[in-house]
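Everything below concerns the one structure shown next.
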Amino acid sequence: MEQTTLSPEYRQQLALAGLTPLWEHLSNALPHGRPAGLTRANLWRYADVRPLLLQAGEQVPVEKAERRVLVLSDPGRGPASMQATGGVYAGIQLILPGETAPTHRHSPSAARVVIEGGGGFTVVNGQVCPMERGDVILTPSGQWHDHGHKGAGPVTWLDVLDLPVFTAVEAAYAEAGTPGCNVEHTMATLQSQLLRDGLAVPAALRRANPYPMLRFPWARTRAALLELARHAPEGAPVELTYVNPETGESCLPILGFTAMLLPGGRPLAPMQRSPGAVFHVIEGQGESTVDGKTFSWSARDTFTAAAFAEITHCADVHGGPACLLRIDDEPLHRKLGFFQERQFA
Ligand code: 1HN
């Protein structure tokens with residue numbers, strides 16, 4: 001029901017009492033049939049972002065900025081939005097040779113997807129994680145982290161955070177580091193190396209650390225995707241989900257990460273899914289149609305899709321397979337008891 005004929009006196013009494021009539025808001029709060037999100041699918045080409053980011057490198061010292069980032073701001077939410085989709089913040093960060101982005105920690109969890117590596121590294125709770133192109137590196141909630149760069153040339157990566165969720169529940173905050181708070185932790189480093197190799201782990205650390213693996217090297221994921229593609233039935237999606245190797249659960253509590261391989265020239269219509277998504281192109285080129293909008297993409301580009309978007313992806317027939325990373329809030333949707341997927345085509 002829309003606006004009802006309530007007497008002005010009654011409206012005023014309600015307002016003074018801090019009350020509002022549900023019947024005037026119900027259909028807005030719970031739209032019929034599907035969520036009425038704000039997210040507007042968009043493409044950010046790396047070729048457009050990179051020169052703007054390099055200008056920030058000239059104009060903004062990293063000590064001043066704390067983090068030198070251009071935020072992928074959802075055009076559906078107006079200017080300066082700190083969201084790419086309803087649940088995901090995304091931005092592209094730059095660090096120049098010799099620079100250090102200072103140690104801090106915050107309540108939202110983050111992950112980096114390396115765009116230009118080569119000498120960049122991040123230290124997360126004492127684990128030194130080298131940054132190579134396509135690597136996914138986690139920074140779980142509350143863990144100290146800083147970034148450095150020992151190589152030559154710019155290092156850049158896509159940051160994703162569950163910040164919109166933390167903001168919505170009024171839980172977003174950060175703290176500055178103190179000297180020595182993020183010194184090298186060799187046991188944790190050993191644990192993650194052993195887990196990655198499928199070996200035994202230090203007994204004292206077993207299940208003691210909710211985030212036993214922080215770095216997922218692209219070289220390993222890529223090789224596994226190619227292997228999977230050789231065995232997958234024709235037309236079936238070739239997808240790998242990033243998990244906590246000790247539990248098999250999603251690697252972070254709110255954000256989900258899936259690497260997918262798209263064979264050249266064969267369009268794929270994945271299920272419509274309840275979470276909106278950020279897609280980052282790691283390799284190859286092609287195009288995706290998202291709710292009727294077509295994006296032509298190539299390696300290092302990023303695009304978004306709203307909740308329940310109708311999507312088709314197609315890698316170029318001559319470019320070989322393409323690899324995309326999908327980042328969304330599927331783990332949160334599952335925890336809410338709500339995650340849904342539907343076949344649309
Ligand atoms: C943050 O701490 C980083 O640590 C990157 O590199 C992006 C966006 C919003 C809030 C905190 C980082 C961020 C951020």
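Along the sequence shown, residues carry numbers from 1. Counting starts at 1 for both ligands and their atoms, following the listed order.
By the 4.5 Å heavy-atom criterion applied to side chains, V124 and Y211 are not counted as neighbours.
Checking T139, L161, D159 against atom 13 (C) of ligand 1, the nearest heavy atom belongs to L161.
Heavy-atom contacts of Q93 reach the following atoms of ligand 1: 5 (C), 6 (O), 12 (C) (cutoff under 4.0 Å). Listed by atom number, the atoms of ligand 1 under 4.0 Å from H147 heavy atoms are 4 (O), 6 (O), 12 (C).
For atom 1 (C) of ligand 1, the nearest non-hydrogen atom of the protein is H106 NE2, 3.6 Å. Looking only at protein heavy atoms, the nearest one to atom 12 (C) of ligand 1 is R67 NE, 2.9 Å.
Of all heavy-atom pairs spanning L332 and V165, the tightest one is CD2-CG2, 3.8 Å. Scanning all heavy atoms of the two residues, the minimum distance from G276 to T85 falls at C-CG2, 4.2 Å.
For a threshold of 3.5 Å applied to N or O pairs, the pair formed by H104 and ligand 1 contains at least one separation below that value.
Using 4.0 Å as the threshold, R112 has a heavy atom nearer than that to some atom of ligand 1.
Between R220 and D197 a salt bridge is recorded (basic side-chain N to carboxylate O distance below 4.0 Å).
Side-chain atoms of S141 and S107 form no donor-acceptor pair, as typed in the model, at a separation below 3.5 Å.
A ring-centre distance under 6.0 Å is not found for F166 and H106.
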